[in-house]
Amino acid sequence: MPELPEVETVRLGLTEWVVGRKIKSVDVLHPRAVRRHAAGGADFAAALAGRTVTAVRRRGKYLWFALDSGDAILGHLGMSGQMLVVDRSRPPGPHLRVRFAFTDRGPELRFVDQRTFGGLLLSPGGADLPAEIAHIALDPFDPKFDPAAVVAALARRRGGIKRALLDQTLISGIGNIYADEALWRSRLHGERDAAALSRRAALGLLTNVSDVMAEALRHGGTSFDALYVNVNGESGYFDRSLAVYGREGEPCLRCGAAIRREPFMNRSSYSCPRCQRRPRRMQGHLLNVSRGKRVPS
DNA sequence: CGCAGGCCCTGGTAGC
DNA sequence: TGCTACCAGGGCCTGC
């Protein structure tokens, strides 16, 4: 699942392979891939022919191609989106959604997306920062990222700390994997009240978020399954370094306790039951639900 | 306004 | 073997 380190890995590859090239033609093969482009696929394709890519930029999990017109192609990979730079002779796979051909003889760019949660749109005047994502907060890799401001926002925040980490308008780029990894490093359960964290604990958590994502980037990202690959179709290998995500029942790398998996927002949270104690109030609630009317000890 | 929850989508897999 | 049910989950939308 592409989170910030994976999207940044893709951005670096696109910068190498696409910047400076002129788009010859665009084929939209699935309307859902451009559903956020209100004028439709034909308009999307026609507007891009003849444009030159001047840069590839990113904020959080969004990336965009800056064009010589001052516009931008804004994209989100969703869960399964891939940006592949491949030779034109290579036969298309079953999930090819959008194809970009260039005026040179080089490889083409393919947006491939099995689950179609991802998509592309043309952002008028969006070369520097597309208006469509102006509401997304800075990510921890942004030079202007201000940890103290995020700590202050967390102090005003209602609800659990994990949900706050996943709120892209508070801090961007974090998804389920790195949220769980950073919480483990900080020895915090994700349902701890965000506002109840000390300033020191909140700052430490943000440091762990930055650290784990920087480490993942150095490994080329996390490929938990075959759905995330870089522009050359290669997997990252940070999955070997994950401490909790996907490790249900395996020993905690710190204390040896069996890693637990809990339902969270129609997905899963992974944590260590010993290092990351569940807040007391929720403890009683969950025990009542899952084990009958048993009094929490 | 801020937060919680539902929905979108498909392929792989577990279970019967 | 063949079917069904479930799982992965980020962002957007709605409703309270």
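Below, each value reflects all heavy atoms present in this structure, side chains not excepted, and no hydrogens, waters or symmetry copies. Chain letters run A, B, ... following the sequence lines, proteins first and then strands; every chain starts at 1.
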Q: Examine A/F100 and A/Y62 and state if one hydrophobic cluster contains both, with Ile, Leu, Val, Met, Phe, Trp and Tyr joined whenever side-chain heavy atoms are less than 4.5 Å apart.
A: no

Q. So does A/R115 get a side-chain nitrogen or oxygen closer than 4.0 Å to the phosphate oxygens (OP1/OP2) of C/dA8?
A. no

Q.
Expressed as a whole number of angstroms, how long is the span from A/L63:CG to C/dG10:P?
A. 16 Å

**Q.** Salt bridge A/K162-A/D180, side-chain N to carboxylate O under 4.0 Å
**A.** yes

Q) With distance as the sole criterion, is a donor-acceptor pair present between the side chains of A/S172 and A/K61 under 3.5 Å? A) no

Q: Give A/Y62 one of three labels, base, sugar-phosphate or nothing, depending on what nucleic acid heavy atoms sit under 4.0 Å from its own.
A: sugar-phosphate

Q) Would A/S271 and A/R260 count as having a side-chain donor-acceptor pair, cut-off 3.5 Å? A) yes

(Q) Any donor-acceptor pair under 3.5 Å linking the side-chain atoms of A/S123 with those of A/E132? (A) yes

**Q.** Of the listed nucleotides B/dA4, B/dG11, C/dG11, the one nearest the side chain of A/R163
**A.** B/dA4

Q: Quick one: label A/R157 by what it contacts on the DNA or RNA (base, sugar-phosphate, nothing), any heavy atom closer than 4.0 Å.
A: sugar-phosphate

Q | Nearest-nucleotide comparison on DNA chain B, the residue closer to the 5′ end among A/R156 and A/R32 | A | A/R156

Q: Write down the distance between CG (A/N266) and P (B/dA4), rounded to a whole number of angstrom.
A: 14 Å

Q.
So, does A/S268 get its side chain near the phosphate of C/dC7, meaning an N or O under 4.0 Å from OP1 or OP2?
A. no

Q: Report the distance from atom CG of A/D113 to atom P of B/dT10, rounded to the nearest whole Å.
A: 10 Å

Q) C/dG11 P sits how many Å from A/E132 CD, rounded? A) 15 Å

Q) Relative to the 5' end of DNA chain C, which residue comes earlier, A/I136 or A/F117, by the nucleotide with the nearest heavy atom? A) A/F117

Q) The side chain of A/T116 lies closest to which of these nucleotides: C/dG10, B/dT10, B/dC9? A) B/dC9

Q: Check every atom of B/dG6, B/dC3, B/dC9 against the side chain of A/R158 and return the nucleotide holding the closest atom.
A: B/dC3

Q.
With a 4.0 Å limit, can you tell me whether A/H76 has a side-chain N or O closer than that to the phosphate oxygens OP1/OP2 of C/dG11?
A. yes

Q) Taking OP1 and OP2 of C/dG10, is either one under 4.0 Å from a side-chain nitrogen or oxygen of A/R267? A) yes

(Q) If you compare every side-chain N and O of A/Y178 against the phosphate oxygens of C/dG10 (OP1, OP2), does one of them come in below 4.0 Å? (A) no

**Q.** Spacing of A/L166 atom CG relative to C/dA8 atom C1', expressed in whole Å
**A.** 15 Å

Q. Taking CG from A/L77 and C1' from B/dC9, how many angstroms apart are they, rounded to a whole number?
A. 16 Å

Q. Side chains of A/D68 and A/T54: do they bring a donor and an acceptor to under 3.5 Å?
A. no

Q.
Mind checking if A/R36 touches a base, just sugar-phosphate, or nothing, with heavy atoms under 4.0 Å?
A. sugar-phosphate

Q) Within less than 4.0 Å of OP1 or OP2 of C/dG11, is there a side-chain N or O belonging to A/Q168? A) yes

Q: Report the distance from atom CG of A/L96 to atom C1' of B/dT10, rounded to the nearest whole Å.
A: 16 Å

Q. Whole-Å distance between C/dA8 P and A/M265 CE?
A. 13 Å

